[in-house]
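What follows is a set of notes on a single structure, which appears directly below.
The analysis underlying the following values was restricted to heavy atoms, covering all of them including side chains, and did not include hydrogens, waters or symmetry mates. Just so it is clear, the structure is predicted and the values come from calculations on it, not from any experiment.
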Amino acid sequence: MKLSIMQPYFFPYLGYWQLIASSDAFVIYDDVNFIKGGWINRNRYLYQGEAKYFNITMSGASPNKKINEISLMRSPRFHPGKKLLSTLQMAYQKAPMYHEILPVLETIILHPEDNLARYLEYSICALCDYLEIDTKILVSSQITQKDSRLAKEKKVIDICRCLGADTYINAIGGQALYSREEFEQAGICLYFIRMNPIEYPQFQSPFIPGLSIIDVLMFNDKQTVRQFLTEYTLE
């Protein structure tokens, strides 16, 4: 079985979805510490030819807390997701797939879940459904047989063992973190996924890579995006 493990990100870039689609099972790593300034609660979108950040507001976020211990910030009078939707509407209202994708985004962004990890889990599963990705989605905090005393590489290897994985696929950025020898000693093949160069029209602007999957979906029909999911190499 091919397995991948990643922290839950907020509408992550295309390479994250390639990682999910390349695996038989994908583990949402929700019981590790929150990374401030990372991609867990924010991403980038295109606005007037420039990359801009959007985010989801949180309550009590801290690097000393696990991702599944953090809540979203809610107001009884105003849902913060409505402001984000308005931002995306202004940015993409003239994009070719706007009318198809906006209802998908509304369902995800306005989802009534207060826990950050569960909210992001819902968003990942919802977009997998839309893109017809049939990878099994698991949550690390629900893998009760794993040894929670372990950390970093050893914890990942232990999760692979618990789930019976013989292949582990990681994002290309993990090359400095994981050792093939350590995985091989555990009977697991380690690969890193590298996204091939992919470009698509973004209005009349010069192409800006690495934006949120929202940007990809706004400018490309589902079949094209599904083709993008296969355009990678394993190293």
Side-chain angles (χ1 to χ4, degrees), residues 1-12 15-36 38-41 56 58-74 107-108 111-171 173-174 176-193 234:
M1 180 182 74
K2 294 179 291 185
L3 181 72
S4 56
I5 304 171
M6 282 292 287
Q7 295 96 333
Y9 291 162
F10 191 41
F11 290 115
Y16 189 101
W17 303 96
Q18 289 183 334
L19 182 64
I20 296 176
S22 70
S23 307
D24 298 310
F26 176 78
V27 177
I28 296 173
Y29 215 5
D30 71 329
D31 54 353
V32 291
N33 284 33
F34 175 79
I35 301 172
K36 188 176 181 180
W39 301 106
I40 295 170
N41 67 304
I56 183 168
M58 302 172 296
S59 176
S62 166
N64 298 317
K65 288 184 178 180
K66 291 181 170 56
I67 299 169
N68 61 10
E69 296 173 337
I70 296 172
S71 298
L72 301 184
M73 185 177 291
R74 304 291 198 191
T107 300
I108 294 171
H111 180 60
E113 170 59 63
D114 290 331
N115 181 272
L116 174 64
R118 300 289 75 77
Y119 180 84
L120 296 176
E121 177 190 351
Y122 176 82
S123 71
I124 290 168
C125 291
L127 281 182
C128 281
D129 286 345
Y130 172 76
L131 291 171
E132 300 173 24
I133 299 172
D134 59 4
T135 301
K136 185 176 183 180
I137 306 296
L138 304 169
V139 178
S140 60
S141 61
Q142 296 174 7
I143 304 172
T144 55
Q145 66 270 40
K146 72 179 186 299
D147 188 346
S148 297
R149 298 169 298 178
L150 299 175
K152 299 181 179 178
E153 185 177 55
K154 293 186 183 301
K155 187 174 182 179
V156 169
I157 291 173
D158 186 56
I159 292 174
C160 288
R161 282 173 172 161
C162 290
L163 298 177
D166 54 20
T167 301
Y168 179 65
I169 305 174
N170 198 75
L177 303 175
Y178 297 120
S179 161
R180 276 202 165 90
E181 289 73 21
E182 289 289 333
F183 279 80
E184 286 173 359
Q185 288 177 13
I188 301 165
C189 296
L190 172 63
Y191 293 97
F192 298 95
I193 189 168
L234 292 179

Side-chain donor or acceptor of Asn115 paired with backbone N/O of Asn68 under 3.5 Å: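 It does hold such a pair.
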Closest contact, heavy atoms only, [X] versus [Y]:
X	Y	answer
Ile137	Cys128	CD1-SG, 4.3 Å
Ile188	Ala165	CG1-O, 3.8 Å
Ser4	Ile169	CB-O, 3.2 Å
Ser62	Ile70	N-CD1, 4.2 Å
Leu163	Val27	CD1-CG2, 3.7 Å
Asn170	Gly174	ND2-CA, 3.3 Å

Pairwise side-chain contact, [X] with [Y], heavy-atom cut-off 4.5 Å (strictly under):
X	Y	result
Ile5	Ser140	no
Glu182	Glu153	yes
Ile133	Leu127	no
Arg161	Ile159	no

Residue list, ring pair (Phe, Tyr, Trp, His ring centres under 6.0 Å) with Phe192, at least two apart or on another chain: none
Residues which pass ring pair (Phe, Tyr, Trp, His ring centres under 6.0 Å) with Tyr119, listed by chain and number, not counting sequence neighbours: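 For Tyr119 there are no ring pair (Phe, Tyr, Trp, His ring centres under 6.0 Å) partners, ignoring immediate neighbours.
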Close aromatic pair by centroid cut-off 6.0 Å: Phe183 and Tyr168: yes
Got a second to check how far [X]'s [atom1] is from [Y]'s [atom2], nearest 0.5 Å?
X	Y	atom1	atom2	result
Lys65	Lys36	NZ	NZ	13.0 Å
Leu19	Lys2	CG	NZ	11.5 Å
Ile67	Gln7	CD1	CD	5.5 Å
Ser123	His111	OG	NE2	9.0 Å
Ile40	Phe10	CD1	CZ	12.5 Å
Gln142	Ile28	CD	CD1	9.0 Å

Salt bridge Arg118-Glu121, side-chain N to carboxylate O under 4.0 Å: yes
Under 3.5 Å side-chain donor-acceptor pair for Asp31 and Tyr29: no
Ring pair (Phe, Tyr, Trp, His ring centres under 6.0 Å) partner of Tyr16, the single match among Trp39, Phe26, Phe11: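 The ring pair (Phe, Tyr, Trp, His ring centres under 6.0 Å) with Tyr16 is passed solely by Phe26 among Trp39, Phe26, Phe11.
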Residue Tyr191 excluded, over 12 heavy atoms near OH under 6.0 Å: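 Counting neighbours around OH of Tyr191, 12 or fewer heavy atoms of other residues, nucleotides or ligands fall under 6.0 Å, so no.
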